[in-house]
Amino acid sequence: MGSKKKKQNQNNSKSILAQWGFPVAVLVVIIIFLISNFTINSEESAEETIKKQTTTEIEGYAAALKSRFDSISGLAQGAAAVIGSDSLTDPSKTKELTDRLCSITSEVYMVIITNPEGEGYASGLGEVDLSSADYFNNGSNIVNYYTDDNGLSDNDAFVVSVPIKREGNKIGEIYMLMDPKALIGILPENNFGGSLGYALITANGDIVYTTGSASTFSGGDNLFTNLQGATVSGLTVPQIKLRAEKQNKMMFSATKGTESKSVVIAPISVEGWQLMTLINQKYVDNIVGNEMKNARKMIINLAIAIGIFLLFLVANAIINKIKYGEQSKDLADKADTDLLTELNNKIATERKIQEWMTENPEVQSLMFLFDIDNFKKINDTMGHAFGDEVLRTLGHQLRNEFRVTDIIGRLGGDEFVLFLKGIKSDDQLHREGERITKFFHDFRAGDYVKYSATASIGGVVVPRDATNFQDAYKAADAALYEAKRRGKNQLVFYSKDIAGMESIRVSDDVEPIADYRESLKNK
(Lines give C-alpha, C1' and ligand atoms only; values in the text may rest on other atoms or scores of the structure.)
Protein backbone atom coordinates (compact mmCIF):
# COMPACT_ATOMS: atom_id res chain seq x y z
CA MET A 1 0.00 0.00 0.00
CA GLY A 2 2.79 2.38 0.94
CA SER A 3 4.62 1.49 -2.23
CA LYS A 4 1.51 2.20 -4.28
CA LYS A 5 1.03 5.61 -2.62
CA LYS A 6 4.65 6.44 -3.15
CA LYS A 7 4.30 5.61 -6.82
CA GLN A 8 1.15 7.74 -7.03
CA ASN A 9 2.98 10.69 -5.43
CA GLN A 10 5.77 10.30 -7.91
CA ASN A 11 3.26 10.37 -10.76
CA ASN A 12 1.60 13.48 -9.28
CA SER A 13 4.98 15.18 -8.99
CA LYS A 14 5.70 14.40 -12.61
CA SER A 15 2.26 15.70 -13.57
CA ILE A 16 2.79 18.97 -11.66
CA LEU A 17 6.21 19.36 -13.16
CA ALA A 18 4.80 18.78 -16.63
CA GLN A 19 1.92 21.20 -15.97
CA TRP A 20 3.85 24.06 -14.38
CA GLY A 21 7.47 23.45 -15.25
CA PHE A 22 7.15 24.39 -18.90
CA PRO A 23 5.06 27.58 -18.33
CA VAL A 24 7.45 28.70 -15.58
CA ALA A 25 10.41 28.02 -17.83
CA VAL A 26 8.76 29.98 -20.65
CA LEU A 27 8.04 32.85 -18.25
CA VAL A 28 11.64 32.92 -17.09
CA VAL A 29 12.86 32.93 -20.69
CA ILE A 30 10.51 35.80 -21.54
CA ILE A 31 11.63 37.83 -18.51
CA ILE A 32 15.29 37.19 -19.31
CA PHE A 33 14.67 38.25 -22.89
CA LEU A 34 12.88 41.40 -21.80
CA ILE A 35 15.64 42.29 -19.36
CA SER A 36 18.35 41.67 -21.94
CA ASN A 37 16.46 43.55 -24.61
CA PHE A 38 15.75 46.43 -22.23
CA THR A 39 19.41 46.58 -21.20
CA ILE A 40 20.65 46.58 -24.78
CA ASN A 41 18.07 49.13 -25.92
CA SER A 42 18.73 51.39 -22.93
CA GLU A 43 22.47 51.33 -23.48
CA GLU A 44 22.13 51.78 -27.22
CA SER A 45 19.68 54.65 -26.66
CA ALA A 46 22.04 56.32 -24.18
CA GLU A 47 25.01 55.90 -26.53
CA GLU A 48 22.98 57.15 -29.48
CA THR A 49 21.85 60.23 -27.53
CA ILE A 50 25.41 61.08 -26.49
CA LYS A 51 26.65 60.43 -30.01
CA LYS A 52 23.99 62.69 -31.53
CA GLN A 53 24.64 65.53 -29.06
CA THR A 54 28.40 65.29 -29.49
CA THR A 55 28.41 65.11 -33.30
CA THR A 56 25.96 68.02 -33.48
CA GLU A 57 28.29 70.16 -31.37
CA ILE A 58 31.37 69.18 -33.39
CA GLU A 59 29.42 69.96 -36.56
CA GLY A 60 29.01 73.45 -35.12
CA TYR A 61 32.79 73.70 -34.69
CA ALA A 62 33.30 72.60 -38.30
CA ALA A 63 30.71 75.12 -39.49
CA ALA A 64 32.53 77.89 -37.59
CA LEU A 65 35.79 77.00 -39.34
CA LYS A 66 34.09 76.93 -42.73
CA SER A 67 32.61 80.35 -42.00
CA ARG A 68 36.08 81.78 -41.29
CA PHE A 69 37.54 80.26 -44.48
CA ASP A 70 34.58 81.54 -46.50
CA SER A 71 34.93 85.01 -44.95
CA ILE A 72 38.62 85.27 -45.84
CA SER A 73 37.94 83.81 -49.28
CA GLY A 74 35.16 86.37 -49.85
CA LEU A 75 37.49 89.18 -48.82
CA ALA A 76 40.12 87.92 -51.26
CA GLN A 77 37.57 87.58 -54.06
CA GLY A 78 36.41 91.16 -53.54
CA ALA A 79 40.01 92.39 -53.70
CA ALA A 80 40.65 90.28 -56.81
CA ALA A 81 37.62 91.84 -58.50
CA VAL A 82 38.89 95.36 -57.69
CA ILE A 83 42.39 94.63 -58.98
CA GLY A 84 41.00 92.97 -62.07
CA SER A 85 38.91 96.02 -62.95
CA ASP A 86 40.20 98.98 -64.91
CA SER A 87 39.78 101.18 -61.88
CA LEU A 88 42.96 99.92 -60.20
CA THR A 89 46.02 99.75 -62.45
CA ASP A 90 48.61 101.68 -60.44
CA PRO A 91 51.17 99.32 -58.79
CA SER A 92 51.48 101.61 -55.79
CA LYS A 93 47.77 101.28 -55.16
CA THR A 94 48.10 97.52 -55.38
CA LYS A 95 50.75 97.61 -52.65
CA GLU A 96 48.52 99.84 -50.57
CA LEU A 97 45.69 97.36 -51.02
CA THR A 98 47.77 94.45 -49.67
CA ASP A 99 48.59 96.39 -46.51
CA ARG A 100 44.97 97.45 -46.08
CA LEU A 101 43.69 93.88 -46.56
CA CYS A 102 46.18 92.56 -44.02
CA SER A 103 44.89 94.97 -41.39
CA ILE A 104 41.21 94.04 -41.76
CA THR A 105 41.31 90.86 -39.69
CA SER A 106 43.75 89.61 -37.08
CA GLU A 107 43.67 86.09 -38.50
CA VAL A 108 45.42 87.20 -41.73
CA TYR A 109 49.05 88.05 -41.09
CA MET A 110 50.17 88.52 -44.70
CA VAL A 111 48.59 89.35 -48.06
CA ILE A 112 50.46 88.71 -51.30
CA ILE A 113 49.51 89.80 -54.82
CA THR A 114 51.49 88.32 -57.73
CA ASN A 115 51.48 88.14 -61.49
CA PRO A 116 50.95 84.72 -63.18
CA GLU A 117 54.68 83.99 -62.84
CA GLY A 118 54.60 84.42 -59.05
CA GLU A 119 56.31 87.81 -58.88
CA GLY A 120 54.58 90.40 -56.78
CA TYR A 121 54.26 92.24 -53.49
CA ALA A 122 53.73 90.98 -49.92
CA SER A 123 52.38 93.18 -47.15
CA GLY A 124 55.15 94.13 -44.76
CA LEU A 125 57.89 92.59 -46.93
CA GLY A 126 57.80 94.33 -50.28
CA GLU A 127 58.64 92.56 -53.50
CA VAL A 128 58.59 88.75 -53.42
CA ASP A 129 58.77 85.76 -55.75
CA LEU A 130 56.39 82.85 -54.92
CA SER A 131 57.13 80.71 -57.96
CA SER A 132 58.97 78.14 -55.80
CA ALA A 133 56.48 78.16 -52.91
CA ASP A 134 54.53 74.93 -52.42
CA TYR A 135 51.28 76.90 -52.44
CA PHE A 136 51.95 78.83 -55.65
CA ASN A 137 48.79 78.44 -57.75
CA ASN A 138 49.03 78.07 -61.53
CA GLY A 139 45.35 77.24 -61.85
CA SER A 140 42.27 79.34 -62.35
CA ASN A 141 40.23 78.23 -59.32
CA ILE A 142 40.03 79.34 -55.72
CA VAL A 143 42.17 76.98 -53.64
CA ASN A 144 42.84 76.54 -49.92
CA TYR A 145 46.16 75.19 -48.68
CA TYR A 146 48.03 74.49 -45.53
CA THR A 147 51.81 74.98 -45.54
CA ASP A 148 54.21 74.52 -42.66
CA ASP A 149 56.58 77.09 -44.24
CA ASN A 150 55.27 80.05 -46.22
CA GLY A 151 58.69 80.52 -47.82
CA LEU A 152 58.90 84.17 -46.76
CA SER A 153 58.84 84.42 -42.97
CA ASP A 154 59.36 80.79 -41.86
CA ASN A 155 55.81 80.67 -40.49
CA ASP A 156 53.12 78.11 -41.19
CA ALA A 157 49.86 79.27 -42.72
CA PHE A 158 46.47 78.42 -44.04
CA VAL A 159 46.47 80.03 -47.48
CA VAL A 160 43.46 81.12 -49.53
CA SER A 161 44.51 81.57 -53.16
CA VAL A 162 42.17 83.53 -55.45
CA PRO A 163 42.92 84.15 -59.15
CA ILE A 164 42.79 87.73 -60.45
CA LYS A 165 41.14 87.97 -63.84
CA ARG A 166 40.65 90.78 -66.31
CA GLU A 167 38.33 90.26 -69.29
CA GLY A 168 38.37 86.51 -68.66
CA ASN A 169 42.13 86.23 -68.60
CA LYS A 170 44.16 85.47 -65.48
CA ILE A 171 46.53 88.36 -64.72
CA GLY A 172 47.65 87.33 -61.26
CA GLU A 173 46.85 85.79 -57.91
CA ILE A 174 46.00 87.06 -54.44
CA TYR A 175 47.07 85.03 -51.41
CA MET A 176 45.64 85.48 -47.93
CA LEU A 177 47.94 83.87 -45.31
CA MET A 178 46.13 83.05 -42.06
CA ASP A 179 47.71 82.25 -38.71
CA PRO A 180 46.60 78.64 -37.95
CA LYS A 181 46.60 79.25 -34.20
CA ALA A 182 44.40 82.30 -34.60
CA LEU A 183 42.08 80.46 -36.98
CA ILE A 184 41.77 77.24 -34.94
CA GLY A 185 41.68 79.39 -31.82
CA ILE A 186 37.94 79.86 -32.33
CA LEU A 187 37.53 76.22 -31.23
CA PRO A 188 37.21 75.52 -27.48
CA GLU A 189 40.30 74.07 -25.82
CA ASN A 190 38.43 72.45 -22.94
CA ASN A 191 35.09 70.77 -23.34
CA PHE A 192 33.53 67.33 -22.91
CA GLY A 193 35.22 66.91 -19.56
CA GLY A 194 38.81 67.68 -20.53
CA SER A 195 41.29 69.10 -23.02
CA LEU A 196 40.48 68.37 -26.65
CA GLY A 197 42.66 67.43 -29.58
CA TYR A 198 41.88 68.63 -33.09
CA ALA A 199 43.09 67.70 -36.55
CA LEU A 200 42.15 68.62 -40.09
CA ILE A 201 42.13 65.49 -42.24
CA THR A 202 41.45 64.74 -45.91
CA ALA A 203 39.04 62.16 -47.31
CA ASN A 204 42.00 59.76 -47.52
CA GLY A 205 42.74 60.22 -43.82
CA ASP A 206 45.86 62.35 -44.43
CA ILE A 207 46.46 64.66 -41.46
CA VAL A 208 46.78 68.27 -42.66
CA TYR A 209 47.08 70.10 -39.34
CA THR A 210 46.86 69.26 -35.62
CA THR A 211 46.41 71.34 -32.50
CA GLY A 212 45.28 70.94 -28.92
CA SER A 213 45.92 67.87 -26.79
CA ALA A 214 48.42 65.50 -28.42
CA SER A 215 47.18 62.02 -29.33
CA THR A 216 48.33 58.80 -30.92
CA PHE A 217 45.47 59.15 -33.38
CA SER A 218 46.34 62.67 -34.59
CA GLY A 219 50.10 62.13 -34.77
CA GLY A 220 51.97 61.08 -37.88
CA ASP A 221 50.68 61.53 -41.40
CA ASN A 222 47.49 59.48 -41.71
CA LEU A 223 44.54 58.61 -39.45
CA PHE A 224 43.99 55.16 -40.94
CA THR A 225 47.64 54.29 -40.39
CA ASN A 226 47.27 55.41 -36.79
CA LEU A 227 44.23 53.16 -36.38
CA GLN A 228 46.22 50.07 -37.31
CA GLY A 229 46.59 47.89 -34.24
CA ALA A 230 43.89 49.85 -32.38
CA THR A 231 40.66 48.44 -30.99
CA VAL A 232 37.87 50.31 -32.76
CA SER A 233 34.17 50.11 -31.87
CA GLY A 234 31.05 51.79 -33.18
CA LEU A 235 32.32 51.54 -36.77
CA THR A 236 34.76 49.26 -38.55
CA VAL A 237 37.85 50.79 -40.16
CA PRO A 238 36.45 50.11 -43.70
CA GLN A 239 33.24 51.89 -42.69
CA ILE A 240 35.28 54.82 -41.34
CA LYS A 241 37.18 55.06 -44.63
CA LEU A 242 33.97 54.90 -46.67
CA ARG A 243 32.29 57.62 -44.61
CA ALA A 244 35.40 59.79 -44.80
CA GLU A 245 35.41 59.46 -48.59
CA LYS A 246 31.73 60.42 -48.69
CA GLN A 247 32.28 63.38 -46.31
CA ASN A 248 29.82 61.97 -43.76
CA LYS A 249 29.89 62.84 -40.07
CA MET A 250 30.76 59.97 -37.73
CA MET A 251 31.72 59.04 -34.18
CA PHE A 252 33.59 55.97 -32.97
CA SER A 253 35.83 54.94 -30.10
CA ALA A 254 39.45 53.86 -30.51
CA THR A 255 41.87 52.39 -28.00
CA LYS A 256 45.57 51.92 -28.59
CA GLY A 257 47.92 51.08 -25.78
CA THR A 258 46.88 53.10 -22.72
CA GLU A 259 45.05 55.77 -24.75
CA SER A 260 41.32 55.59 -25.33
CA LYS A 261 39.48 58.27 -27.29
CA SER A 262 36.09 59.03 -28.75
CA VAL A 263 36.77 60.29 -32.26
CA VAL A 264 34.27 62.64 -33.89
CA ILE A 265 34.69 63.65 -37.54
CA ALA A 266 32.60 66.34 -39.24
CA PRO A 267 33.06 67.76 -42.77
CA ILE A 268 34.21 71.37 -43.15
CA SER A 269 33.40 71.45 -46.89
CA VAL A 270 36.63 73.30 -47.65
CA GLU A 271 39.00 71.40 -49.98
CA GLY A 272 37.40 68.19 -48.72
CA TRP A 273 38.88 68.79 -45.26
CA GLN A 274 37.21 67.34 -42.20
CA LEU A 275 37.51 68.35 -38.57
CA MET A 276 38.54 65.46 -36.32
CA THR A 277 37.97 66.05 -32.61
CA LEU A 278 39.46 63.73 -29.98
CA ILE A 279 37.55 63.37 -26.69
CA ASN A 280 38.55 61.33 -23.66
CA GLN A 281 36.61 58.06 -23.84
CA LYS A 282 36.25 58.04 -20.05
CA TYR A 283 34.05 61.14 -20.27
CA VAL A 284 31.71 59.49 -22.80
CA ASP A 285 31.59 56.27 -20.75
CA ASN A 286 30.68 58.23 -17.62
CA ILE A 287 27.84 60.03 -19.42
CA VAL A 288 26.46 56.73 -20.73
CA GLY A 289 26.83 55.22 -17.23
CA ASN A 290 24.82 58.05 -15.67
CA GLU A 291 22.09 57.55 -18.24
CA MET A 292 22.00 53.85 -17.37
CA LYS A 293 21.73 54.18 -13.57
CA ASN A 294 17.95 53.97 -13.33
CA ALA A 295 17.83 51.18 -15.86
CA ARG A 296 20.38 49.18 -13.88
CA LYS A 297 18.35 49.47 -10.68
CA MET A 298 15.28 48.02 -12.34
CA ILE A 299 17.31 45.26 -13.97
CA ILE A 300 18.82 44.21 -10.63
CA ASN A 301 15.39 44.08 -8.95
CA LEU A 302 13.97 41.96 -11.73
CA ALA A 303 16.95 39.61 -11.67
CA ILE A 304 16.53 39.03 -7.89
CA ALA A 305 12.79 38.46 -8.30
CA ILE A 306 13.32 35.73 -10.87
CA GLY A 307 15.48 33.66 -8.56
CA ILE A 308 18.82 32.06 -9.10
CA PHE A 309 17.48 28.52 -9.14
CA LEU A 310 14.85 29.07 -11.82
CA LEU A 311 17.32 31.03 -13.90
CA PHE A 312 19.80 28.18 -13.76
CA LEU A 313 17.10 25.61 -14.53
CA VAL A 314 15.83 27.41 -17.61
CA ALA A 315 19.30 28.33 -18.83
CA ASN A 316 20.39 24.70 -18.51
CA ALA A 317 17.30 23.50 -20.40
CA ILE A 318 17.84 26.02 -23.17
CA ILE A 319 21.50 25.11 -23.50
CA ASN A 320 20.70 21.40 -23.70
CA LYS A 321 18.00 22.05 -26.28
CA ILE A 322 20.32 24.20 -28.39
CA LYS A 323 23.06 21.60 -28.23
CA TYR A 324 20.65 18.83 -29.17
CA GLY A 325 19.29 20.88 -32.08
CA GLU A 326 22.77 21.70 -33.34
CA GLN A 327 23.89 18.10 -33.05
CA SER A 328 20.79 16.88 -34.88
CA LYS A 329 21.31 19.41 -37.65
CA ASP A 330 24.99 18.54 -37.92
CA LEU A 331 24.17 14.86 -38.16
CA ALA A 332 21.49 15.50 -40.78
CA ASP A 333 23.83 17.69 -42.80
CA LYS A 334 26.62 15.14 -42.59
CA ALA A 335 24.25 12.37 -43.63
CA ASP A 336 23.28 14.37 -46.75
CA THR A 337 26.76 15.61 -47.67
CA ASP A 338 29.38 14.07 -49.91
CA LEU A 339 32.60 14.34 -47.87
CA LEU A 340 34.94 14.97 -50.79
CA THR A 341 33.01 17.66 -52.69
CA GLU A 342 30.70 18.94 -49.89
CA LEU A 343 27.80 18.62 -52.34
CA ASN A 344 24.67 16.56 -51.79
CA ASN A 345 25.40 12.84 -51.79
CA LYS A 346 23.53 10.33 -53.95
CA ILE A 347 20.68 9.66 -51.50
CA ALA A 348 20.12 13.33 -50.66
CA THR A 349 20.28 14.36 -54.32
CA GLU A 350 17.65 11.83 -55.41
CA ARG A 351 15.40 12.67 -52.43
CA LYS A 352 15.54 16.46 -52.90
CA ILE A 353 14.94 16.32 -56.66
CA GLN A 354 12.03 13.89 -56.24
CA GLU A 355 10.51 16.12 -53.52
CA TRP A 356 10.72 19.14 -55.81
CA MET A 357 9.18 17.32 -58.76
CA THR A 358 6.37 16.01 -56.55
CA GLU A 359 5.60 19.40 -55.01
CA ASN A 360 5.94 21.31 -58.31
CA PRO A 361 4.63 18.95 -60.99
CA GLU A 362 3.85 21.70 -63.53
CA VAL A 363 7.01 23.80 -63.07
CA GLN A 364 9.50 23.40 -65.89
CA SER A 365 13.00 22.53 -64.69
CA LEU A 366 16.24 21.31 -66.19
CA MET A 367 18.44 18.44 -65.04
CA PHE A 368 22.01 17.87 -66.20
CA LEU A 369 23.82 14.58 -65.64
CA PHE A 370 27.54 14.77 -66.36
CA ASP A 371 30.87 13.16 -65.67
CA ILE A 372 34.52 14.08 -66.28
CA ASP A 373 35.91 12.93 -69.60
CA ASN A 374 38.74 10.40 -69.27
CA PHE A 375 38.71 10.63 -65.47
CA LYS A 376 40.37 7.22 -65.14
CA LYS A 377 43.27 8.55 -67.20
CA ILE A 378 43.60 11.50 -64.81
CA ASN A 379 43.85 9.11 -61.86
CA ASP A 380 46.27 6.80 -63.69
CA THR A 381 48.62 9.52 -64.99
CA MET A 382 48.43 12.21 -62.29
CA GLY A 383 47.46 10.19 -59.24
CA HIS A 384 44.30 9.65 -57.25
CA ALA A 385 45.11 12.61 -55.00
CA PHE A 386 45.02 14.94 -58.00
CA GLY A 387 41.84 13.24 -59.21
CA ASP A 388 40.26 13.96 -55.83
CA GLU A 389 41.44 17.59 -56.12
CA VAL A 390 39.71 17.86 -59.52
CA LEU A 391 36.44 16.59 -58.02
CA ARG A 392 36.80 18.82 -54.93
CA THR A 393 37.47 21.90 -57.08
CA LEU A 394 34.55 21.03 -59.35
CA GLY A 395 32.21 20.85 -56.35
CA HIS A 396 33.44 24.20 -55.01
CA GLN A 397 33.09 26.01 -58.35
CA LEU A 398 29.66 24.51 -59.05
CA ARG A 399 28.40 25.91 -55.70
CA ASN A 400 29.77 29.34 -56.60
CA GLU A 401 28.38 29.32 -60.14
CA PHE A 402 24.76 28.29 -59.54
CA ARG A 403 22.00 29.39 -57.19
CA VAL A 404 21.82 28.12 -53.62
CA THR A 405 18.25 27.01 -54.41
CA ASP A 406 19.43 24.69 -57.20
CA ILE A 407 20.24 21.07 -56.33
CA ILE A 408 23.81 19.99 -56.98
CA GLY A 409 24.95 16.51 -56.07
CA ARG A 410 27.56 13.84 -56.62
CA LEU A 411 26.13 10.42 -57.41
CA GLY A 412 29.46 8.65 -57.08
CA GLY A 413 32.86 8.52 -58.72
CA ASP A 414 33.01 11.41 -61.22
CA GLU A 415 29.25 11.47 -61.91
CA PHE A 416 27.35 14.63 -60.93
CA VAL A 417 23.79 15.99 -61.14
CA LEU A 418 22.75 19.63 -61.50
CA PHE A 419 19.02 20.34 -61.13
CA LEU A 420 17.96 23.90 -62.08
CA LYS A 421 14.54 24.84 -60.71
CA GLY A 422 11.98 27.05 -62.39
CA ILE A 423 13.17 27.39 -66.00
CA LYS A 424 10.53 29.72 -67.42
CA SER A 425 11.20 29.68 -71.17
CA ASP A 426 12.95 27.83 -73.97
CA ASP A 427 15.29 30.79 -74.29
CA GLN A 428 16.33 30.23 -70.70
CA LEU A 429 16.85 26.53 -71.44
CA HIS A 430 19.20 27.55 -74.21
CA ARG A 431 21.06 30.03 -71.98
CA GLU A 432 21.49 27.46 -69.21
CA GLY A 433 22.81 24.97 -71.74
CA GLU A 434 25.39 27.49 -72.91
CA ARG A 435 26.14 28.37 -69.30
CA ILE A 436 27.05 24.82 -68.26
CA THR A 437 29.20 24.33 -71.37
CA LYS A 438 30.99 27.66 -70.75
CA PHE A 439 31.52 26.59 -67.14
CA PHE A 440 33.47 23.51 -68.26
CA HIS A 441 35.26 25.50 -70.93
CA ASP A 442 36.64 27.78 -68.18
CA PHE A 443 37.07 25.06 -65.55
CA ARG A 444 40.59 24.64 -64.15
CA ALA A 445 41.80 22.49 -61.26
CA GLY A 446 45.04 22.23 -59.35
CA ASP A 447 47.19 24.69 -57.44
CA TYR A 448 50.46 24.27 -59.33
CA VAL A 449 49.33 22.33 -62.40
CA LYS A 450 46.25 23.97 -63.91
CA TYR A 451 44.36 21.07 -65.45
CA SER A 452 41.50 21.76 -67.88
CA ALA A 453 39.00 18.98 -67.35
CA THR A 454 36.18 18.57 -69.88
CA ALA A 455 32.85 16.85 -69.36
CA SER A 456 30.17 14.97 -71.24
CA ILE A 457 26.73 16.22 -70.27
CA GLY A 458 23.23 14.88 -70.70
CA GLY A 459 20.32 17.26 -70.29
CA VAL A 460 16.65 16.52 -69.71
CA VAL A 461 13.70 18.91 -69.40
CA VAL A 462 11.09 18.10 -66.75
CA PRO A 463 8.19 17.49 -66.70
CA ARG A 464 8.31 17.41 -70.51
CA ASP A 465 10.61 14.39 -70.72
CA ALA A 466 10.09 12.88 -67.25
CA THR A 467 7.82 13.29 -64.23
CA ASN A 468 9.92 11.56 -61.57
CA PHE A 469 13.58 11.31 -60.68
CA GLN A 470 14.13 7.79 -61.94
CA ASP A 471 12.74 8.57 -65.39
CA ALA A 472 14.63 11.87 -65.51
CA TYR A 473 17.85 10.08 -64.58
CA LYS A 474 17.35 7.44 -67.27
CA ALA A 475 16.66 10.10 -69.90
CA ALA A 476 19.64 12.19 -68.87
CA ASP A 477 21.84 9.10 -68.79
CA ALA A 478 20.77 8.26 -72.35
CA ALA A 479 21.67 11.78 -73.46
CA LEU A 480 24.99 11.50 -71.60
CA TYR A 481 25.76 8.25 -73.35
CA GLU A 482 24.98 9.91 -76.69
CA ALA A 483 27.34 12.78 -75.82
CA LYS A 484 30.14 10.29 -75.22
CA ARG A 485 29.30 8.44 -78.44
CA ARG A 486 29.55 11.69 -80.38
CA GLY A 487 33.04 12.35 -79.12
CA LYS A 488 32.65 13.61 -75.53
CA ASN A 489 33.31 17.20 -74.41
CA GLN A 490 29.74 18.32 -75.19
CA LEU A 491 26.17 18.68 -73.97
CA VAL A 492 23.38 16.61 -75.51
CA PHE A 493 19.71 17.22 -74.74
CA TYR A 494 17.48 14.16 -74.46
CA SER A 495 15.02 13.30 -77.20
CA LYS A 496 13.06 10.10 -77.71
CA ASP A 497 14.60 10.09 -81.18
CA ILE A 498 18.31 9.53 -80.45
CA ALA A 499 19.29 10.89 -83.85
CA GLY A 500 17.35 14.02 -83.02
CA MET A 501 19.22 14.79 -79.81
CA GLU A 502 20.67 18.29 -80.10
CA SER A 503 24.17 18.97 -78.78
CA ILE A 504 26.44 21.88 -77.92
CA ARG A 505 30.18 21.43 -78.00
CA VAL A 506 32.24 22.83 -75.13
CA SER A 507 35.32 23.58 -77.23
CA ASP A 508 35.61 26.97 -78.94
CA ASP A 509 36.52 25.47 -82.27
CA VAL A 510 33.04 23.91 -82.74
CA GLU A 511 30.11 26.28 -83.12
CA PRO A 512 26.86 25.54 -81.22
CA ILE A 513 24.07 24.16 -83.38
CA ALA A 514 22.35 27.09 -85.10
CA ASP A 515 18.80 25.71 -84.94
CA TYR A 516 19.11 24.57 -81.31
CA ARG A 517 16.62 27.12 -79.97
CA GLU A 518 14.04 26.31 -82.64
CA SER A 519 14.44 22.57 -82.09
CA LEU A 520 13.49 22.96 -78.43
CA LYS A 521 10.25 24.67 -79.39
CA ASN A 522 9.35 21.90 -81.82
CA LYS A 523 9.69 19.08 -79.26
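Side chain of Thr437 to main chain of Gly433: a donor-acceptor pair is present (N/O by atom type, distance under 3.5 Å, no hydrogens or angles). Lys256 places a side-chain N or O within 3.5 Å of a backbone atom of Gln228 that can act as its donor or acceptor partner. Not a single donor-acceptor pair under 3.5 Å links the side chain of Asn344 to the backbone N or O of Gly409.
Counting only N and O atoms by type, the side chains of Glu57 and Asn191 include a donor and acceptor under 3.5 Å apart. A donor and an acceptor atom, one from each side chain of His430 and Asp426, are nowhere located under 3.5 Å apart.
Lys282 pairs by the salt bridge (Lys or Arg N to Asp or Glu O under 4.0 Å) definition with nothing, not counting sequence neighbours. Residues satisfying the ring-ring contact (aromatic ring centres under 6.0 Å, His included) criterion with Phe416, sequence neighbours excluded, are Phe370. Under the rule for a ring-ring contact (aromatic ring centres under 6.0 Å, His included), the partners of Tyr146 that lie at least two apart in sequence or sit in another chain are Phe158, Tyr209. The side-chain contact (heavy atoms from CB on, under 4.5 Å) search around Lys484 returns Asp371, Asp373, Ser456, Leu480, Lys488, not counting sequence neighbours. Residues passing the side-chain hydrogen bond (donor to acceptor under 3.5 Å, both in side chains) test with Asp471, sequence neighbours excluded: Asn468. Every residue two or more places apart in sequence or in another chain that forms a side-chain hydrogen bond (donor to acceptor under 3.5 Å, both in side chains) with Glu350 is listed here: Gln470. In terms of the side-chain hydrogen bond (donor to acceptor under 3.5 Å, both in side chains) criterion, residue partners of Ser365 (sequence neighbours excluded) are, by chain and number, Trp356. Applying the side-chain contact (heavy atoms from CB on, under 4.5 Å) rule to Ser425 yields the partners Asp427, Gln428; only residues at least two apart in sequence or on another chain are considered. In this structure, Asp285 has no salt bridge (Lys or Arg N to Asp or Glu O under 4.0 Å) partners at least two apart in sequence or on a different chain. With sequence neighbours left out, the side-chain hydrogen bond (donor to acceptor under 3.5 Å, both in side chains) criterion links Gln354 to Thr358.
For the side chain to side chain contact (heavy atoms under 4.5 Å, CB included) with Ile408, the qualifying choice from Val417, Leu418, Thr341, Leu420 is Leu418, the only one to do so.
A cation-pi arrangement is found for Lys241 relative to Phe224, the charged atom lying closer than 6.0 Å to the ring centre and inside a 45° cone about the ring normal.
Nearest approach of Ala335 to Asn345, heavy atoms of both residues: O-ND2, 2.7 Å. Nearest heavy atoms, Asn226 versus Gly219: ND2-O, 2.6 Å. Between Met251 and Thr55 the shortest heavy-atom distance is CB-CG2, 3.8 Å. In terms of heavy-atom proximity, Leu491 sits nearest to Gly459 at CD1-N, 4.0 Å.
A 4.5 Å side-chain heavy-atom check between Asp206 and Ile201 finds every atom pair outside the cut-off. Side-chain atoms of Leu394 and Ile372, non-hydrogen and from C-beta on, do get closer than 4.5 Å to each other. Counting heavy atoms from C-beta on, the side chains of Val284 and Ser253 never come closer than 4.5 Å. Residues Ile50 and Tyr283 fail the side-chain proximity criterion, which asks for heavy atoms closer than 4.5 Å. In this structure, the side chains of Leu65 and Leu200 come closer than 4.5 Å at one or more pairs of heavy atoms. When side chains are defined from C-beta on, Tyr494 does not count as touching Met367, because their heavy atoms never get closer than 4.5 Å. When side chains are defined from C-beta on, Thr349 does not count as touching Phe419, because their heavy atoms never get closer than 4.5 Å. Residues Ile436 and Glu432 form no side-chain contact, since every pair of their non-hydrogen atoms from C-beta on lies 4.5 Å or further apart.
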What donor-acceptor contacts under 3.5 angstrom involve side-chain atoms of residues 265-276, with partners at least two apart or in another chain?
| from | atom 1 | to | atom 2 | distance (Å) |
| --- | --- | --- | --- | --- |
| Glu271 | OE2 | Asn144 | N | 3.0 |
| Gln274 | NE2 | Ala244 | O | 3.2 |

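Within a 6.0 Å sphere centred on CG of Asp221, heavy atoms belonging to other residues, nucleotides or ligands number 12 at most. No more than 12 heavy atoms of other residues, nucleotides or ligands lie within 6.0 Å of OH in Tyr481, so this atom counts as exposed by the packing criterion. Under a cut-off of 6.0 angstrom, the local environment of CG in Leu340 is crowded, with over 12 non-hydrogen atoms contributed by other residues, nucleotides or ligands.
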Query raised in the report: Going through the checks in order, is the side chain to side chain contact (heavy atoms under 4.5 Å, CB included) test met by Glu245 and Leu242?
Result: CA-CA 5 Å; Glu245 290 173 357; Leu242 182 61; 4.1 Å; yes
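Atoms CG and CG, from Asn286 and Asn280 in turn, are 10.5 Å apart once rounded to the nearest 0.5 Å.
Ion pairing of Glu482 with Arg485 is present here, as a side-chain N (NZ or NE/NH1/NH2) and a carboxylate O approach within less than 4.0 Å. Taking 4.0 Å as the cut-off between side-chain N and carboxylate O, Arg431 and Glu434 do not count as a salt-bridged pair. Checked for salt-bridge contact, Asp442 and Lys438 meet the test: a charged N lies under 4.0 Å from a carboxylate O.
The stretch residues 408-422 participates, sequence neighbours left out, in these side-chain hydrogen bond (donor to acceptor under 3.5 Å, both in side chains) pairs: Asp338-Arg410, Glu415-Tyr473.
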